[in-house]
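What follows is a single structure, written as structure tokens, with notes after it.
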Amino acid sequence: MEGWLKATVHTALAASDFFTGSAIDELLAATRIERPRDKAHGHYALNVSPWARQLKKAPPLIAEALADALRSTVGMEALFSVATVAGFVNVTLKPIVFTRALQQMLSTPDLGKNTAMAHEAMLLEYVSANPTGPLHIGHGRWAALGDSLVRILRHCGATVTPEFYVNDAGSQMQKIAISLWLRTREPLIEAGKLPDVPLAMEYPYPGAYVTDLARGYLAQASDADVQALLGIWQQLPNTGPLAEDNTYGLQASHLAWITQHVQPFAHQTLMVEQQQLLASLDVNFEAWFSEKEMLYDRGAVEVMLQRLKTTGFAYEQDGALWLKSEALGDEKDRVLVKSGGQKTYLAADIAYHDQKYLRQDDNGQPQYNRIVNIWGADHHGYIARLRAAMVALGHLTDNADPKFEIVLGQLVNLVIDGERERMGKRRKMLTLADVVDDVGADAVRFWMVKQSADTALDFDVDLAKSANNDNPVFYVQYAHARCASIVRNALHPPQTSDTPTPPWITEDALAALTANPTEALLAPLFADDDDTANAEIAELLVLLDRLEPTVIYAAQTRSPHGVARYVQEVAAQFHKVYNACRILGEDTARTHARLALVLAVQRTLAQGLALLGVSAPNSM
RNA sequence: GCCUCAGUAGCUCAGCUGGAUAGAGCAUCCGCCUUCUAAGCGGACGGUCGCAGGUUCGAAUCCUGCCUGGGGUACCA
């Protein structure tokens, strides 16, 4: 309806003497077709005040001229009426326009689908956790945000590759392997293979999950592996705390054995755990990019460093290799290779992003025109240095180049029993898996995207779990289930009394309604004598019509919360209509038309929820 | 100090691509089930849009400064 109205206004402007000589497209771009705040003003409003400057006329005069132009549009009496208030032109649509809009919706296979972002070829990276432990609640926000964004962008025609960067290189992987090894002690004692003598130890990764990991390792280990493990334990000097360095007093050969035999198990097991959890949230990655395999094993970091040196963007000082990032917008230069010879995390990150830009499609062209990362606000300081590196490598023109984009999300606070728990590393952690088990995937996904990523999110476990009207997820799902229930009842009315109740509609008639919703079928939608119900139905259709612009805006601003808000509005308006009038009534023609409306609502809600990765149940 | 996000109703948040009397949910109070799911609907109550300037015909929205709170400011990963 919005699109149609805009086109109508365009035609009217072009045909009007008053606007002759003015740039109509510019005028239309300067204002938007919006919803009047006060419903008494009609269904749509056009504010012409922004045109005053260009036209050098007073807004009320312009509004009157536009209203006149619209009034002289051929056939308008049957479609809408206009009125002016100050600089506003208010438009009230006639029922036929709503009926046609409904007809349009029922004939559209993918509601809200559009091509607004068809030019985008985007690589979207998010979550990207180390495979050193379970995902925590904060990861859940990036997972929900990222996956919803992927769905929304694709609905707008964009090509998107969602990718997970697996940080599986570096000392933290050695730490987890050693932690696993340390945790084999108890099971080995239980099995009588090790003497139970006191041993002062500290665990680099203290979580209880490491114990499970150790038991899992032993369960699948060969006899030779177990013998080797016992060998390490027996030669260990029992000399007190072992956590000071990364070697834990282990002989080099033992350390090497652990790295070779234990680390792959830890890595693999934890990564698969993360993958399964994400899958249970219906968060779908196309690619899992391994830091170790893709960057280190293939020498990509080394090659990238050479390029920086050659181009003069990297220099040696104090025995370290530095990136000249200060000259490129960062607050200072950054270390790429430490004086000890180890490459920094930043070096790998740069190599990874370099690699993102170097990827090519089948025609040898750059595969992506936009690289987007979703990061937590705690990584904010990384933006400037990574941007600087991308400029240095020639991928960006300057540090404001929109080809590289970081979506920053504020952090998540877990609220348990009404108290905030900061997600600090030392505190007791509730894992994402625990929360999903507790409140369900739908609630987690909806809560994580229901508000702007710019605001810190309090995730209240008790509230998310509550199956009542405190919980917006259930509110929306309930509306969808209600739609499904009405259609079910229409086909197969519940038989409660002795006299059988005939169906409100046959399977065939319902099929006809969806396959070929003619104007004649839909025309009886509005009642002759119920203005309240009619107004609510019209309002509902205006809202359903807004799915597409809502999705486009959410895609452009990378804000899925707009869609979350939208589905709540649709649900609310549907509940209003449900209470204002009967869907299944005595008038068969009206019943059928209103069933069509219910189908449109159901499909809109299902589509909106699908864009958020939330299920749309048919009964609750 | 610097960078960054936020500050809107008692609480949690929309609105911020400048436009009509600033919205929703929760909470509190009052109503609505003999008929399609009451996990619902209606009504009432509730606001100096952090403060002060500026730009503009017009500012919650843009700019500047200040205040308060979160995050960041490593040859850590």
Side-chain angles (χ1 to χ4, degrees), chain A residues 29 31-32 34 36-38 41 45 47-50 52-53 58-59 85-88 90 130 132 167 169-173 175 317-322 331-332 334-346 348 376-384 408-411 413 422 450-458 460 463 466-479 481-490 493-494 496 501 504 532 536 553 556-557 561-562 564-565 568-569 571-572 574-586 591 594-595 598 619-620:
Chain A
T31 189
R32 280 179 299 167
E34 52 193 34
R37 236 180 255 293
D38 186 345
H41 283 138
N47 180 5
V48 299
S49 302
R53 200 179 298 266
V85 180
F88 289 87
N90 295 321
N130 300 338
T132 54
N167 285 140
S171 61
Q172 78 274 14
M173 290 311 296
K175 267 192 193 174
Q317 187 182 308
D318 307 329
L321 185 71
W322 297 73
E331 61 186 49
K332 55 177 151 182
R334 307 286 175 179
V335 172
L336 296 166
V337 181
K338 300 186 226 172
S339 49
Q342 294 157 298
K343 296 176 183 73
T344 60
Y345 195 83
L346 176 65
D378 53 342
H379 285 73
H380 158 256
Y382 255 76
I383 299 176
L408 265 196
Q410 299 300 309
L411 303 182
N413 300 307
R422 298 268 151 73
K450 77 185 172 56
Q451 71 188 60
S452 161
D454 284 340
T455 63
L457 178 72
D458 285 335
D460 189 322
L463 219 50
S466 66
N468 59 34
N469 53 5
D470 292 349
N471 197 330
V473 193
F474 289 100
Y475 181 80
V476 178
Q477 290 183 322
Y478 178 64
R482 203 175 222 187
C483 290
S485 168
I486 292 170
V487 176
R488 267 199 309 272
N489 285 342
T496 47
T501 312
W504 304 95
T532 313
E536 298 296 5
Y553 190 71
Q556 286 170 340
T557 57
H561 77 272
R565 226 145 172 110
Q568 291 180 76
E569 276 180 52
F574 171 67
H575 287 314
K576 274 193 194 183
V577 169
Y578 179 89
N579 278 278
C581 66
R582 294 229 13 128
I583 308 296
L584 308 177
E586 286 171 10
T591 295
R594 285 184 177 169
L595 275 170
V598 170
S619 64
M620 287 176 75

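Just so it is clear, the values below take in all heavy atoms, side chains as well, and ignore hydrogens, waters and symmetry mates. Protein chains get the first letters and strands the later ones, always in sequence-line order, with residue 1 at the start of each.
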Treating [X] as the side-chain partner and [Y] as the backbone partner, does any N or O pair qualify as donor plus acceptor under 3.5 Å?
{"X": "A:Q451", "Y": "A:A456", "value": "yes"}
{"X": "A:T31", "Y": "A:V48", "value": "no"}
{"X": "A:D458", "Y": "A:D460", "value": "no"}
{"X": "A:S619", "Y": "A:A481", "value": "no"}
{"X": "A:D318", "Y": "A:A320", "value": "no"}
{"X": "A:T132", "Y": "A:M173", "value": "no"}

Could you tell me the separation between the [atom1] atom of [X] and the [atom2] atom of [N], rounded to a whole number of Å?
{"X": "A:D460", "N": "B:C13", "atom1": "CG", "atom2": "C1'", "result": "14 Å"}
{"X": "A:D458", "N": "B:C13", "atom1": "CG", "atom2": "P", "result": "6 Å"}
{"X": "A:D38", "N": "B:G23", "atom1": "CG", "atom2": "P", "result": "10 Å"}
{"X": "A:Q451", "N": "B:C5", "atom1": "CD", "atom2": "C1'", "result": "13 Å"}
{"X": "A:F574", "N": "B:C41", "atom1": "CZ", "atom2": "P", "result": "11 Å"}
{"X": "A:N579", "N": "B:C32", "atom1": "CG", "atom2": "C1'", "result": "9 Å"}
{"X": "A:Q568", "N": "B:G23", "atom1": "CD", "atom2": "C1'", "result": "13 Å"}
{"X": "A:E586", "N": "B:C36", "atom1": "CD", "atom2": "P", "result": "14 Å"}

Does any nucleotide pair with [N] by Watson-Crick or G-U wobble geometry, both distances under 3.5 Å, and what is it?
{"N": "B:G1", "result": "B:U73"}
{"N": "B:G46", "result": "none"}
{"N": "B:A22", "result": "none"}
{"N": "B:A60", "result": "none"}
{"N": "B:U68", "result": "B:A6"}
{"N": "B:G40", "result": "B:C32"}
{"N": "B:A27", "result": "none"}

Check every strand shown and say whether [X] touches a base, only sugar-phosphate, or nothing at a heavy-atom separation below 4.0 Å.
{"X": "A:H575", "value": "sugar-phosphate"}
{"X": "A:T31", "value": "nothing"}
{"X": "A:W504", "value": "nothing"}
{"X": "A:A456", "value": "sugar-phosphate"}
{"X": "A:N167", "value": "nothing"}
{"X": "A:P59", "value": "nothing"}
{"X": "A:E331", "value": "sugar-phosphate"}
{"X": "A:A45", "value": "base"}
{"X": "A:N47", "value": "base"}
{"X": "A:P493", "value": "nothing"}

Quick check: on RNA chain B, is the nucleotide nearest A:E34 upstream (toward 5') of the one nearest A:L346, or the reverse? Name the residue that is more 5'.
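Nearest nucleotide further toward 5': that of A:E34.
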Contact nearer the 5' end of RNA chain B, comparing A:C581 with A:K338
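It is A:C581, whose closest nucleotide lies nearer the 5' terminus.
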Counting side-chain heavy atoms from C-beta on, which of [options] comes nearest to [X]?
{"X": "A:A377", "options": "B:C75, B:G71, B:A20", "value": "B:G71"}
{"X": "A:P36", "options": "B:A39, B:A20, B:G71", "value": "B:A20"}
{"X": "A:F474", "options": "B:A6, B:A39, B:G71", "value": "B:A39"}

Considering only the [atom1] atoms, how many Å lie between [N] and [M], rounded to the nearest integer?
{"N": "B:C29", "M": "B:C63", "atom1": "C1'", "result": "44 Å"}
{"N": "B:G7", "M": "B:A60", "atom1": "P", "result": "15 Å"}
{"N": "B:A22", "M": "B:U4", "atom1": "P", "result": "32 Å"}
{"N": "B:G50", "M": "B:G70", "atom1": "C1'", "result": "16 Å"}
{"N": "B:C49", "M": "B:C62", "atom1": "P", "result": "16 Å"}
{"N": "B:G10", "M": "B:G18", "atom1": "P", "result": "30 Å"}
{"N": "B:G15", "M": "B:G23", "atom1": "C1'", "result": "7 Å"}
{"N": "B:C30", "M": "B:C45", "atom1": "C1'", "result": "11 Å"}

Indicate whether OP1 or OP2 belonging to [N] is found under 4.0 Å from a side-chain N or O atom of [X].
{"X": "A:H561", "N": "B:G15", "answer": "yes"}
{"X": "A:T455", "N": "B:A14", "answer": "yes"}
{"X": "A:R37", "N": "B:A20", "answer": "yes"}
{"X": "A:K332", "N": "B:C2", "answer": "no"}
{"X": "A:K576", "N": "B:G40", "answer": "no"}
{"X": "A:Y578", "N": "B:C32", "answer": "no"}

Using side-chain heavy atoms (C-beta onward) and a distance below 4.5 Å, is A:E34 in contact with A:F88?
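Yes, close enough: below the 4.5 Å cut-off.
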Side-chain contact test, heavy atoms from C-beta onward, threshold under 4.5 Å: evaluate it for A:F574 versus A:V598 and give yes or no.
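Side-chain contact under 4.5 Å: yes.
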Do you know which of A:I486, A:V577, A:I583 makes side chain to side chain contact (heavy atoms under 4.5 Å, CB included) with A:R594?
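Filter result, single survivor: A:I583.
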Please check if the number of heavy atoms outside A:Q317 that lie under 6.0 Å from its CD is greater than 12.
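Result for CD/A:Q317: enclosed.
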Does A:S339 get its side chain close enough to the base of B:C75, under 3.5 Å, for a donor-acceptor pair?
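Such a pair is found, so the answer is yes.
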So, does the side chain of A:Q410 form a donor-acceptor pair with the base of B:G70 at under 3.5 Å?
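Answer yes: a donor N or O sits under 3.5 Å from an acceptor.
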Measure from the ring centre of A:Y475 to the centre of the six-membered ring in the base of B:A39, then say whether that distance is under 5.5 Å and the planes meet at under 30°.
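Stack criterion not met.
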N-glycosidic conformation, B:C33 - syn within 90 degrees of 0, else anti:
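What B:C33 shows is a syn base, its glycosidic angle lying within 90° of 0.
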